[in-house]
Amino acid sequence: MKPGIRINTGILFFLFIYPFSCLLAQENYPRNYFRSPIDTVLKLAGNFGEIRPNHFHAGMDIRTGNHEGMKVYAVADGYVSRIKISGIGYGKVLYITHPNGFVSVYAHLSKFNDTIGKYIRKAQYSKESFEVELFPKPNELPVKKSDLIALSGNTGNTAGPHLHFEIRDEKTEFIINPLFFGFDIKDDVKPKITAAYIYPVDEKSRVNNQNSFKQLPFSGKSGEYKTLPTDIVTVSGNIGCGIEVWDTESNSSNHNAVFSIELLMDGKRIYYSEMDKFSFDQSRGVNSHIDYVEKKIHGRSIQKSFVAKNNKLNIYKELKNRGIMSFMNDSIHNMTYVIKDYFGNTSTLKFKLKGSSTSYDKNTPAASKYTAIFHCEEPNQFKTQNCSMSLPANILYEDLRFQYSVSNDSVKKGSIAPIFHIHNDLVPVHSYYTLALKPNNPLPERLQKKALIVSVSPGGGKHSEGGEWKDGFITTQTRIFGNFTIALDTVPPYIKPKNISKGKDLSKQRTIEIIAGDNLSGLKSYPAYIDDKWVLMEYEPKKNLLYYTFDSSIKKGKHTFLIEVKDERGNASTFKANFTR
Ligand SMILES: [Zn+2]
């Protein structure tokens, strides 16, 4: 069998199943059940389905006036069913389950109301951990519609203060476009089409006689875009299209996601996608939805209108031959992109494709060099003396001509193995696979715990991929391809007291603040004690900040503060100081 070009039996499935799934979309959601989670006008800094690194954005990012502390309300009756406190991801986040089968999510919060706050604090003190994930029972933290539940914040992965708000289906855990629920957002602005591209889908296909993608020149305004009559692109073989679009609401300037993308050829639908809902399992499929190479190299978000055979996203509502068009004859075809936002504001792009029977390459092209063939629907194993990979089935979007090499000359300072080139970072991987690498020399026992696999960025930067020593290899789980090596982390984390020093009078201070961080493997734990009793240090990784907030349990007088900061490889630093209060 020729590598990379296998007949796809999935096409029939797509053809029959997809046209029906789009009929249900809007009608099923209650439109006036939920109030707004805030009191002021809803302005979106981000919306559902935006293309973000390795995921689609799952909710609305609601503006909070560039500051923290905006009041956040329960959008309907229900109960707090999940709470997570973390320095990363959603930061401080609340989930409320409602009796109508939906869950509302409020993320990046700064504070909770007294009842919820006490509940969390009790759990943190009993687990002696800042990071907690709690699942209160229905009778523990009930809420009424419009109860003040929290204050907005900037915790977790954020670029600034805002409220991230989501709605999920309780049973399926699908995340649903919140606009279906009738939140009051004004939008009379048509989507902007900023670029379009024509792709050869396989090696035999040609775009303007070349086997490379081509940007389509076009112009237009007021939502109507078209190419010049002279700008006809000649195509042959299997061809796909891609488009760069964004949308915004009235009185907003953010580049948000559009709702639907439709591609028509001679009036017939080739591709139709809708941002109605998706599951967390699918969300990483964004890397297959976009032109991942262009994203990695030039930072552009081109949404392809042809779908990889192992792309399981359910946003594709109607596909003809996975969106791949075949041009074998001399013919002219009228193409139209129809782009809509949720409110139905519509933009179109019209262009022509000229089919050519002559430019198609009938010869089988010489295959590029590769080490092994990975079939995406099957599990794949790869082994050399010093490297072992085990990929579960369906974590690749397409069959892959896998390339592997090792370079000894590029060993960076501090690494104890060569650089393993595990294909390259331009091919996305959907989920974790096992990667095991062997160091140059067997490691003495005291260093086995200090070794970890690191991915090496093109600029030489190292990022911890973790891993454990087993049978002479370091073994980890990762979901990227690229360059890897093994490094040792023997350096303890750094600690810099920010507002405490030996013997200091802290009676006028609300907090004890410590700057801490790690050079490689990352912080794992940071227990702190006042007078030998564990106290809660909150962690803000964006500022490398650990902080304790004084409460009434610390009485006037002399006290001792002690903190021990440990990294993932067990290296520890401590800081101790007496203070008065
Ligand atoms: Zn968000």
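Order of listing sets the numbers, starting from 1, for every ligand and every atom in it. Numbers here are sequence positions counted from 1.
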Could you identify the N, O or S atom of D61 positioned closest to the Zn ion (ligand 1)? OD1
How about [X] and [Y]: are their ring centroids closer than 6.0 Å?
X: Y342; Y: F180; answer: yes
X: F374; Y: H423; answer: no
X: F481; Y: Y433; answer: yes

Check for me whether K295 meets the cation-pi criterion with Y292, that is, NZ or CZ under 6.0 Å from the six-membered ring centre and within 45 degrees of the ring axis. no
H108 backbone or side-chain N/O/S under 2.8 Å from the Zn ion (ligand 1): no
Do any of the N/O/S atoms of H164, backbone or side chain, fall under 2.8 Å from the Zn ion (ligand 1)? yes
